[in-house]
Protein chains: 2
Amino acid sequence: MTILDWTERFKGTAALPMDVRERLNKSARVTHMKKGDQVFGPTNIPDSLFFLYDGRIRVSQTSDAGREIVLYRIEAGDSCVLTTACMLAEEAYNAEGIAETDVTVVILPKPAFDRLSSEEDAFRNFVFAAYSRRLIDLLRVVDDVAFGRIDVRLAERLLALGDGLKEVRATHQNLASELGTAREVISRVLNDFQKRDLIEQSRGLITFKDKAGIGAIAHSA
Amino acid sequence: MTILDWTERFKGTAALPMDVRERLNKSARVTHMKKGDQVFGPTNIPDSLFFLYDGRIRVSQTSDAGREIVLYRIEAGDSCVLTTACMLAEEAYNAEGIAETDVTVVILPKPAFDRLSSEEDAFRNFVFAAYSRRLIDLLRVVDDVAFGRIDVRLAERLLALGDGLKEVRATHQNLASELGTAREVISRVLNDFQKRDLIEQSRGLITFKDKAGIGAIAHSA
DNA sequence: GTCCGTTAGGTGACAATGTCACTGACGGTT
DNA sequence: AACCGTCAGTGACATTGTCACCTAACGGAC
């Protein structure tokens with residue numbers, strides 16, 4: 001296997017001096033995981049730092065009753081601060097990360113992380129920024145869940161998941177888990193959207209008929 | 001005015017060498033604010049780091065419609081990472097911090113913060129830990145709002161606010177803002193508690209009659 | 001192909017929570 | 001006493017969540 005220079009992929013490492021990057025490439029471990037794998041979770045608390053080289057990870061939280069809500073997604077080039085957070089806080093948490101695609105993960109041992117964040121401003125700022133983004137993400141989730149209407153949230157999420165395409169491949173249950181609600185609720189709202197000729201539905205697939213109309217609902221908050 | 005050695009108050013600074021602490025005492029600014037003052041908010045984005053020397057700050061988020069939810073509280077000895085987060089992410093946010101008591105705040109200019117977090121492991125870990133706690137706090141808020149029953153959440157919050165005392169001084173609107181719901185909802189639940197002889201109510205005051213009963217509700221999730 | 005189990009989705013009744021409009025109750029000021 | 005602002009109570013209704021149960025679609029196994 002060829003050696004992967006992952007340091008070019010991350011804002012916090014790309015700008016580092018060559019010797020530092022070479023050292024990193026030696027001390028970090030690169031792992032691949034399959035779509036659907038659990039990257040981290042309550043029973044799988046890592047003692048190292050995660051960086052996502054390639055793919056996408058969905059971070060969600062599950063209630064005692066088994067209902068689920070998606071908190072945010074980690075994209076390639078981003079680091080996963082939640083695992084570090086839980087390491088540091090040493091608190092129970094019930095969030096988990098699922099690989100939404102095949103993923104390539106860089107695992108940096110804590111000593112290397114400590115050394116890097118003390119010696120390299122660029123790296124430290126990168127980590128702080130990652131924390132910040134997640135905090136902001138969660139503020140948004142709180143706002144949506146506490147104050148948002150479900151039709152608005154669903155319209156937003158459909159557009160986000162559809163990203164440029166004219167259809168979304170997801171079951172009603174999938175969408176319910178995105179928003180932290182029940183399948184029946186999603187079914188009702190989607191049927192309403194359908195009656196208003198905004199979408200078409202078939203098993204596991206939603207097709208946009210009037211994206212502007214969906215957008216209007218999404219922005220009517 | 002006597003010079004306040006605030007560095008002894010924070011985990012991240014108390015263990016530092018004396019010379020570093022003296023330098024910090026010179027570069028930081030100590031400010032006092034009155035109960036009720038806005039320490040930070042959407043229109044008041046600081047370019048420095050906040051440390052809370054004394055008092056308590058309530059951090060809450062307000063919806064477009066004007067409904068409010070309390071996210072967490074900052075206690076003495078803690079740092080306020082949300083302001084830094086927003087600085088770094090440079091994103092709009094609608095959280096604000098209100099002084100719940102008279103407070104003493106230490107403001108550390110960014111250059112001093114950068115230098116400190118690069119040079120001192122203890123300080124850097126302190127900041128990371130502060131971020132982590134807030135992330136965990138927000139996970140809890142999301143869980144509560146998305147999946148929690150309102151009577152359970154209210155019971156929990158009453159006990160938290162009553163902390164050891166036999167009464168809670170708060171209006172129904174105050175409690176609604178704690179939980180991100182409407183006053184009417186709180187009124188209904190409190191009347192139910194009253195009918196079950198768990199509390200007594202008078203204008204702006206709730207008195208526990210059966211704290212164990214309230215506790216039972218709080219833990220029935 | 002048929003059979004069959006699994007999964008996706010539909011439906012109606014009901015419960016919990018949020019919204020709205022309005023009312024009265026209380027405390028302080030004049 | 002009269003006035004005023006804040007606090008709380010109430011009923012009607014809308015939205016969202018829960019539950020029980022159903023049907024339809026799909027994908028093997030045979």
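Chain naming here is simple, since letters A, B, ... match the order of the sequence lines and numbering starts at 1 in each.
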Practice item. Would you kindly say whether B:Ser60 and B:Glu68 are connected by a side-chain donor-acceptor distance under 3.5 Å? Key: yes

Review point. Separation of B:Asp192 atom CG from D:dT10 atom C1', in whole Å?
Key: 16 Å

Point to revise | Separation of D:dG17 C1' from B:Arg149 CZ (nearest whole Å) | key: 11 Å

Practice item. With heavy atoms under 4.0 Å as the rule, sort A:Arg67 into base, sugar-phosphate or nothing. Key: sugar-phosphate

Check your understanding: Do NZ/NE/NH1/NH2 and the carboxylate oxygens of A:Asp197 and A:Lys209 come within less than 4.0 Å?
Key -> yes

Review point. Can you check the A:Leu190 CG to C:dA8 P distance for me, whole Å?
Key: 15 Å

Check your understanding: Using a heavy-atom distance cut-off of less than 4.0 Å, which residues of residues 193-205 of chain B contact DNA chain C?
Key -> B:Arg203

Practice item. Strictly below 4.0 Å, heavy-atom distances to any atom of DNA chain D: list the hits from residues 167-188 of chain A, or just say none. Key: A:Thr181, A:Glu184, A:Val185, A:Arg188

Exercise for review: Give every residue pair that meets the salt bridge (Lys or Arg N to Asp or Glu O under 4.0 Å) criterion with at least one member in residues 181-192 of chain A, sequence neighbours excluded.
Suggested key: A:Asp192-A:Arg196

Check your understanding: When the distance from CG of A:Asn191 to P of C:dG9 is rounded to whole Å, what number comes out?
Key -> 10 Å

Review point. Ring centres of B:Phe123 and B:Phe10 under 6.0 Å apart?
Key: no

Check your understanding: How close or far is atom C1' of C:dG18 from atom CZ of A:Phe147, stated in whole angstroms?
Key -> 12 Å

